[in-house]
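Labels below follow one simple rule: chain letters A, B, ... track the order of the sequence lines, proteins then strands, and each chain is numbered from 1. Values reported hereafter were calculated over all heavy atoms of this structure, with side chains retained and with hydrogens, waters and symmetry mates removed.
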Amino acid sequence: AQTVTQSQPEMSVQEAETVTLSCTYDTSESNYYLFWYKQPPSRQMILVIRQEAYKQQNATENRFSVNFQKAAKSFSLKISDSQLGDTAMYFCAFMKLHTGTASKLTFGTGTRLQVTL
Amino acid sequence: DGGITQSPKYLFRKEGQNVTLSCEQNLNHDAMYWYRQDPGQGLRLIYYSQIVNDFQKGDIAEGYSVSREKKESFPLTVTSAQKNPTAFYLCASSTAGLASNEQFFGPGTRLTVL
């Protein structure tokens, strides 16, 4: 079974600064996906960024980027130029690659990020 | 607009009663999922379905039941056997197969047992 660990329950960052959220995972699989989801106060889950394990290049989406270290089983999220709208709960998630079946997500416990003025 | 709807947004039930949470999607997705969210525990998978008339237990299926009679709909019943049903429930859907690497989530239902 896979496990996902987020060791930072809460973090705070000032507007326009950079913050990094940590995530580690444990798996014996070689093919998988990793995700960061954002859950703002509305509680709607929003996909922030994804990483395919077979890709060495780190994924980026505008101000969001990841540092994927496959050997270390580490998948951190960097938010640059933080904005007030980034205030949310952030979940790291793991998905084993399946063929022809539903793809189950395993989530970490989340990091609550507060962006301040 | 394509998306996932869950109803109701807030639901209250008395202890010992069964209650059904609705989930509908118009994304033409084959796979659908139910997650439970508790404070400090992230999301945990209750049940999932990859096709009509088929569904599988997730990690915490005890006390829950589902049906998948239509592609668009995947209702979740919280039975009286569920010992601690108060939680936030999220429904999600995705395409099946190798391309199914993103799940789309509904807005959730907050269930409170009185």
Side-chain angles (χ1 to χ4, degrees), chain A residues 1-10 21-25 29 31-55 59 61 68 75 88-112, chain B residues 3-6 9-10 23 25 27 29-52 54-61 66 68 71 74 87-111:
Chain A
Q2 287 69 231
T3 59
V4 178
T5 302
Q6 294 180 251
S7 59
Q8 305 153 315
E10 294 185 0
L21 309 183
S22 301
C23 173
T24 58
Y25 59 95
E29 301 289 329
N31 293 320
Y32 51 87
Y33 292 95
L34 294 163
F35 303 84
W36 280 98
Y37 277 89
K38 167 184 176 180
Q39 188 180 45
S42 67
R43 304 202 77 171
Q44 176 71 54
M45 293 287 283
I46 302 165
L47 178 64
V48 174
I49 198 165
R50 89 188 80 189
Q51 175 80 42
E52 292 89 343
Y54 64 87
K55 290 187 177 179
E61 286 287 343
F68 173 49
F75 183 60
M89 195 77 168
Y90 286 81
F91 291 98
C92 179
F94 173 99
M95 177 186 287
K96 187 170 68 172
L97 194 63
H98 285 267
T99 303
T101 66
S103 299
K104 298 181 288 181
L105 283 167
T106 301
F107 286 87
T109 53
T111 295
R112 186 173 303 279
Chain B
I4 302 174
T5 57
Q6 290 185 244
K9 188 173 182 178
Y10 299 98
C23 177
Q25 55 98 359
L27 299 168
H29 285 168
D30 293 300
M32 297 187 74
Y33 313 79
W34 274 106
Y35 293 91
R36 170 180 171 138
Q37 185 176 17
D38 295 283
Q41 293 196 48
L43 279 71
R44 293 179 291 167
L45 182 65
I46 305 172
Y47 266 99
Y48 65 100
S49 167
Q50 59 180 341
I51 199 169
V52 173
D54 175 77
F55 47 83
Q56 308 292 330
K57 292 182 179 180
D59 300 319
I60 55 166
V66 294
R68 187 87 186 276
K71 187 176 183 177
F74 190 41
F88 188 65
Y89 291 87
L90 285 157
C91 178
S93 70
S94 69
T95 56
L98 285 174
S100 58
N101 58 10
E102 179 178 355
Q103 292 183 14
F104 295 81
F105 286 83
T109 292
R110 173 70 183 176
L111 173 64

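- Heavy atoms of Q39(A) lying under 4.5 Å from chain B belong exclusively to its side chain.
- For the atom pair Q56(B) CD and K104(A) NZ, the distance stands at 8.5 Å (nearest 0.5 Å).
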Worksheet entry | Stepwise side chain to side chain contact (heavy atoms under 4.5 Å, CB included) check, Y37(A) with Q103(B) | CA-CA 10 Å; Y37(A) 277 89; Q103(B) 292 183 14; 4.0 Å; yes
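- Chain A forms the most heavy-atom pairs under 4.5 Å with one residue out of F88(B), F104(B), Y48(B), and that residue is F88(B).
- Considering OG1 of T109(A) and CG of L43(B), their distance stands at 11.0 Å, rounded to 0.5 Å.
- Each of Q44(A), M89(A), R43(A) has some count of heavy-atom pairs under 4.5 Å with chain B, and the biggest count is that of R43(A).
- Heavy atoms of Y35(B) lying under 4.5 Å from chain A belong exclusively to its side chain.
- Heavy atoms closer than 4.5 Å to chain A are found nowhere in I51(B), neither backbone nor side chain.
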